[in-house]
Colleague: 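Dropping a structure here in structure tokens format, bear with me for questions.
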Amino acid sequence: MQVDEKKLNPQDFESKWQKIWEERRIYQPDLSNAKKPYYNLMMFPYPSAEGLHVGNMYAFTGVDIHGRFKRMQGYDVFEPIGLDGFGIHSENYAIKIGKHPKEQAKISEKNFYRQLKAIGNGFAWENRLETYDPDYYRWTQWIFVRMFKAGLAYRKKSPVNFCPSCKTVLSDEQVIDGACERCKSVVEKRDMEQWYFRITKYADKLLKNIKKLEWTNKVKIGQRNWIGKKTGINIRYQVSGVRYQIECFTTRPDTNFGATFVVVGPENPFVSYLLSLPKLPESLKQLISAYVAKAKKTSEADRITAGHKKTGVFTGFYAVNQLNGYKMPIYISDFVLGNVGTGAVVGVPGHDLRDFEFAKEFDIPIIRVVVGKDGDKSPITRPEQVQEEEGTMINSEFLNGLDIHLATVKMMDHLAEKGWGKRVVEYKLRDWCISRQRYWGAPIPMIFCSTCAEKGVGWFPVPEDQLPVQLPDLDDWKPEGTGKGPLAKIESFVKTKCPQCGGKAVRETDVCDTFLDSSWYFLRYPSVKTNTIQDRKANPILDRKQLPWDPQITRKWLPVTQYIGGAEHTVLHLLYSRFIWMCFYDWGLFDFSAKSKHLGGPATMPRALGWEEPFRRFYAHGLIIAEGAKMSKSRGNVVIPDEYIRKYGADTLRTYLMFLGPFDMGGDFKDTGIAGMYRFLSRVWRLVIDSLSPRSPKSLKENDKLEKIMHHTIKVVTEDLEKLRYNTAIAHIMEYVNQITDNREPSFAPTCVGATAGKQITINNIRTLLLLLAPFAPHMTEELWQKLSSKYQVESSKDEKLNNKHATYYLLHTTESIHLHPWPKYDPKYLVEDEVTIVVQINGKTREVIKIALKHLGGSRMDSPEVEESVVTIAKNSEKVKKHLEGKTVRKVIFVPGKLINFVVI
RNA sequence: GCCGCGGUGGCGAAAUGGUAUACGCGCAGGACUUAAAAUCCUGUGGUAAUUAAAUACCGUGAGAGUUCGAGUCUCUCCCGCGGCACCA
């Protein structure tokens, strides 16, 4: 019996506490009345095939530790959880295993929630949501309707990825190196009409706000690059012999004296203009048609495998460079993309590698107009001579001698003044394609009426009070590649009434992109119980003005205090979420006016940001990989936490994962060492169990040295947790435990606690240990805390009681949960050292370390000349130092107060 | 190609420009035990040398620089990982 009690058996209490916590709702903040709201958000998972793997657990644990830490610091922490289970990922998995997505969703949901409970996070379970729940996607559809009404949703024909083998449209991220992610066949481009959200309208605001965000830098850089703002100029060139002008976008107009050709892409309107010209020879017409047709059909993959070899057709026409009258031959080539700039470029082969390759291929003259750092002024004949960097202008008349940046400005001024060009700002960001010809998503809530279309407008949104457009059950749900989604097959779904004229109309049968589902979920979490379908049944009148969130609760909890997620999805998801939020904001759906003072988290954002951003702080955690690769079932390297939890307990796995390395770095998962973490937690377990039966209760007296270490540990662990430096926080707790259990120390008094001979350990030492460890190992610290509390009726300090008033949680039994207990504070008086350690260096090499009791220094300031003098004297008295100084001359003494003395000798 | 992040013992990793390798794993030796497991103790960068200790030199991917002093700052490379990519 004695033996069993001393062994750490997680099975004995982990699920017990999970159950009690949930019953007592200790992680369920009072959303309406919380005093210090802290919205601790983690990216919700899509319930993947394999279930929750240790990569997910790593991320969630890191977020949870942050939440637990903040909760103990007195915040009302809201840590919700849900599933991003709608969309193409989940549908693909359903296809793979031959199950209906709806059926599979239920299975995944159950499995995921079971696993998520087992890892012991402090989730607010009552606020969970699933994106495929009609109560949720009703509002996803509502967003679409509002976007349409605001003129931000529109239809456009454009090329999309199409897999001929799977007979389906693919999203960009499902196309890997031009091939289908699932069947590896080459992806084609197909022209299809799609729904788009006009995110480009917000490009500038999305870009401008980035610098004000407190985000992991690489994510900010990623977003900036994705938006890809560039300033340039559109130059119009007259085509000789016809009434047509070609407009070319360029960021480098400074090199325009070196322009020797013009290339239009296959999509450029000039191509169809040419083909319509009666005087164009039939043979050339055929040549052009064939080239353009082939280019449009050529897949990305083929283009990549074809390398950068340039192809093209000479049109027989010339464009005139107004600057010097140069007649530039006009070509059609597929290296010019239709959706970049104006879809036409002016070729400057001396200063652009692609232009150079093209010029070489077609034997076009090359003119040098810039001389770079190497001073090479010779004609450019080899690719390595192509000068794309900084330099000075030559052969460019009024630009000669200027630096390229000055020349760019001067040329733009010149072109604008002459009316030959117009300054423009271009973005790489394109409008967001929303529609998917799939089944498992929120049906796009739009209706098309052909009768009304004849009068001008054919598309109408489904009236808001008729949402959701329910996703019908469908046996034949797999994508067929007909260009239409599976919903098109259901007549009862398609046929509907026109909201405008009441006549016969048809529904849109595409569904929404899954990124739309996830672009607003954080707004719904605190308000999951607000305006449900059930509510509407009870009170249909109010519906029109209803929002997917409760205004008061939203004012209290949003913007999100701290968002944590993986860096891999961050560009798209974070950009879309910011965009949607900005729309809501601009439509006046938020009211944060009463919220000027309290910003939620500990870090205060610059006021300038206002409430235009949903995530003031974002932290990108690292990725856990296995065997050097991202975990995936096809690789067979998925590590499921279940078996480890069964064997060692969730506490051990949590702490082990956090100890692997810095949280923002991730790492390779290997299970060597997990036993070591179990060993450590077992030591803590035994230490606390032993202290339950002290040899002498009078022994609970302070041990000065241990007290000092304890306060130091509180300080560093708190600082580490504040910065999410979990690995070093754990290391410091380990050091603290090592100090407590260190048996080598001589015994100063005969009294001691339990097995820890030689030291007087106070109950406060033990309690502090448990509190510091609680965010990492929530179950065992709770178990021990309760055991300890029932043994020792330790009075709460005044401070603690004060803090408890803020807690809006329920209490456990007779003792509060350790997780609601205030985080320990350190007392600076224990951190004052009574001696100082000085490193003595000779020529920068450490030769001696001396310790000087502060009382020997007469109480002077560490940087005073007297102290320096005594340190020098003491140092010079050291035998080792003497040896190194012997026969040498001291040229200089570097004195770093309180730290170091360095003798520079020769 | 461009952007970003890394490179430190056998391994995961620590280190406000100031004692490099904390903490842990692994390994080796020891204690306890009839034995094993568990636990505890000791050692553990390299080279040289020694009965032992003290010690000296070398050492953070390579090379240069700044500095009294560089894992840390600057420059030039090499390697690994992630993202973007014919973006004009």
Colleague: Side-chain N or O of A:K892 versus OP1/OP2 of B:C68: is the shortest distance under 4.0 Å?
Modeller: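 For B:C68, OP1/OP2 do have a side-chain N/O of A:K892 under 4.0 Å.
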Colleague: How many whole angstroms separate atom CG of A:L8 from atom P of B:A38?
Modeller: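 After rounding, the reported distance stands at 15 Å.
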Colleague: Using atom C1' of each nucleotide, how far apart are B:C40 and B:G4 to the nearest Å?
Modeller: 48 Å
Colleague: Using atom P of each nucleotide, how far apart are B:C73 and B:A14 to the nearest Å?
Modeller: 15 Å
Colleague: Take the protein atom CD of A:E388 and the nucleotide atom P of B:A85, then report the distance between them rounded to whole Å.
Modeller: 19 Å
Colleague: Of A:F358, A:Y326, A:F362, which meets ring pair (Phe, Tyr, Trp, His ring centres under 6.0 Å) against A:F261?
Modeller: A:F358
Colleague: Nearest-Å distance, CE (A:M658) to C1' (B:G12)?
Modeller: 14 Å
Colleague: Taking the P atom of each, how far is B:G80 from B:U72, in whole Å?
Modeller: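 Per the computed distance, 22 Å lies between those P atoms.
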Colleague: Side chains of A:T655 and A:Y726: is there a donor and an acceptor less than 3.5 Å apart?
Modeller: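 No.
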Colleague: Syn if the chi torsion is within 90° of 0, anti otherwise; quick check, which is B:G82?
Modeller: anti
Colleague: Indicate for each nucleotide in nucleotides 54-61 of chain B, in 5' to 3' sequence, whether protein heavy atoms under 4.0 Å reach the base (B), only the sugar-phosphate (S), or nothing (-).
Modeller: -SSSS---
Colleague: Using atom P of each nucleotide, how far apart are B:U66 and B:G12 to the nearest Å?
Modeller: 34 Å
Colleague: Can you check the A:I246 CD1 to B:A88 C1' distance for me, whole Å?
Modeller: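 Going from A:I246 (CD1) to B:A88 (C1'), I get 15 Å.
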Colleague: Will you find, in the side chains of A:N234 and A:T342, an N or O donor that is under 3.5 Å from an N or O acceptor?
Modeller: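 A:T342 and A:N234 do not have a side-chain donor-acceptor pair below 3.5 Å.
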Colleague: Roughly, in whole Å, what's the span from CD1 in A:I221 to P in B:A85?
Modeller: 17 Å
Colleague: Report, as yes or no, whether the 6.0 Å neighbourhood of atom CD on A:E869 holds more than 12 heavy atoms from other residues, nucleotides or ligands.
Modeller: no
Colleague: Do other residues, nucleotides or ligands put more than 12 heavy atoms under 6.0 Å from A:Q11 CD?
Modeller: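 Yes, because the 6.0 Å sphere around CD of A:Q11 holds more than 12 heavy atoms from other groups.
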Colleague: Expressed as a whole number of Å, how far does the C1' atom of B:U50 sit from that of B:A13?
Modeller: 34 Å
Colleague: To the nearest angstrom, how far is A:L900 atom CG from B:G18 atom P?
Modeller: 10 Å
Colleague: With nearest nucleotide decided by heavy atoms, which residue, A:S682 or A:K218, maps closer to the 5′ end of RNA chain B?
Modeller: A:K218
Colleague: Among B:A88, B:A22, B:C68, which is the nearest nucleotide to the side chain of A:A731?
Modeller: B:A22
Colleague: Checking contacts here: which listed nucleotide (B:A15, B:G12, B:C84) is nearest the side-chain heavy atoms of A:R725?
Modeller: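 So the side chain of A:R725 is nearest to B:A15.
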Colleague: Mark yes when over 12 heavy atoms from residues, nucleotides or ligands other than A:K647 sit less than 6.0 Å from its NZ; otherwise mark no.
Modeller: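 No, not enclosed.
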Colleague: Could you tell me how far B:G18 sits from B:G69 if I compare only their P atoms? Round to whole Å.
Modeller: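 The same atom, P, in both gives a distance of 15 Å.
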Colleague: Taking atom C1' in both B:G71 and B:G9, compute the distance separating them and give it to the nearest angstrom.
Modeller: 14 Å
Colleague: Check the side chains of A:T231 and A:R423 for a donor-acceptor pair under 3.5 angstrom, ignoring hydrogens and angles.
Modeller: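 No, no side-chain donor-acceptor pair sits under 3.5 Å.
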Colleague: A:M665 side chain: which of B:C5, B:C84, B:U19 is closest?
Modeller: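 Among B:C5, B:C84, B:U19, the one nearest the side chain of A:M665 is B:C5.
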Colleague: For the C1' atoms, the ones on B:G45 and on B:A22, what distance do you get once it is rounded to whole angstrom?
Modeller: 15 Å
Colleague: Taking the minimum atom-to-atom distance to the side chain of A:N225, which one of B:A88, B:C3, B:G12 wins?
Modeller: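 The nucleotide sitting nearest to the side chain is B:C3.
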Colleague: Among B:G4, B:C40, B:U19, which is the nearest nucleotide to the side chain of A:R686?
Modeller: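 Among B:G4, B:C40, B:U19, the one nearest the side chain of A:R686 is B:C40.
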Colleague: When you compare the side chains of A:Y237 and A:N321, does any donor N or O come within less than 3.5 Å of an acceptor on the partner?
Modeller: no
Colleague: Could you check how far NZ of A:K428 sits from C1' of B:C3, rounded to whole Å?
Modeller: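 Checked: the NZ to C1' distance equals 10 Å.
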Colleague: Check RNA chain B for consecutive Watson-Crick or G-U pairs with both distances under 3.5 Å and list the runs of at least three as stems.
Modeller: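 Runs of three or more consecutive pairs: B:1-7 with B:78-84, B:10-12 with B:23-25, B:26-31 with B:39-44, B:45-48 with B:55-58, B:61-65 with B:73-77.
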Colleague: So, does A:K230 get its side chain near the phosphate of B:C87, meaning an N or O under 4.0 Å from OP1 or OP2?
Modeller: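 No, because none of the side-chain N or O atoms of A:K230 sits under 4.0 Å from OP1 or OP2 of B:C87.
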Colleague: Of A:A344 and A:F903, whose closest RNA chain B nucleotide lies nearer the 5' terminus?
Modeller: A:F903
Colleague: Identify all pairs in which a protein N or O lies below 3.5 Å from an N or O of nucleotides 24-26 of chain B, and state each distance.
Modeller:
from: B:G24; atom 1: OP1; to: A:N738; atom 2: ND2; distance (Å): 3.1
from: B:C25; atom 1: OP1; to: A:R679; atom 2: NH2; distance (Å): 3.0
from: B:G26; atom 1: OP2; to: A:R679; atom 2: NH2; distance (Å): 2.9

Colleague: One pair to check against ring pair (Phe, Tyr, Trp, His ring centres under 6.0 Å): A:Y656 and A:Y644. What are the steps and the verdict?
Modeller: CA-CA 11 Å; A:Y656 174 65; A:Y644 292 105; 8.3 Å; no
Colleague: Within a 6.0 Å radius of atom NZ on A:K422, are there more than 12 heavy atoms belonging to other residues, nucleotides or ligands?
Modeller: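 No, the 6.0 Å shell around NZ holds no more than 12 heavy atoms from other groups.
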Colleague: Starting at CH2 of A:W226 and ending at C1' of B:G4, how long is that distance when rounded to a whole Å?
Modeller: 16 Å
Colleague: Is the shortest side-chain N/O distance from A:N727 to OP1 or OP2 of B:A14 below 4.0 Å?
Modeller: yes
Colleague: I'd like to know if the side chain of A:H621 pairs up with that of A:D664 as donor and acceptor (distance under 3.5 Å, no hydrogens or angles considered).
Modeller: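 Side-chain D/A pair, A:H621 to A:D664: absent.
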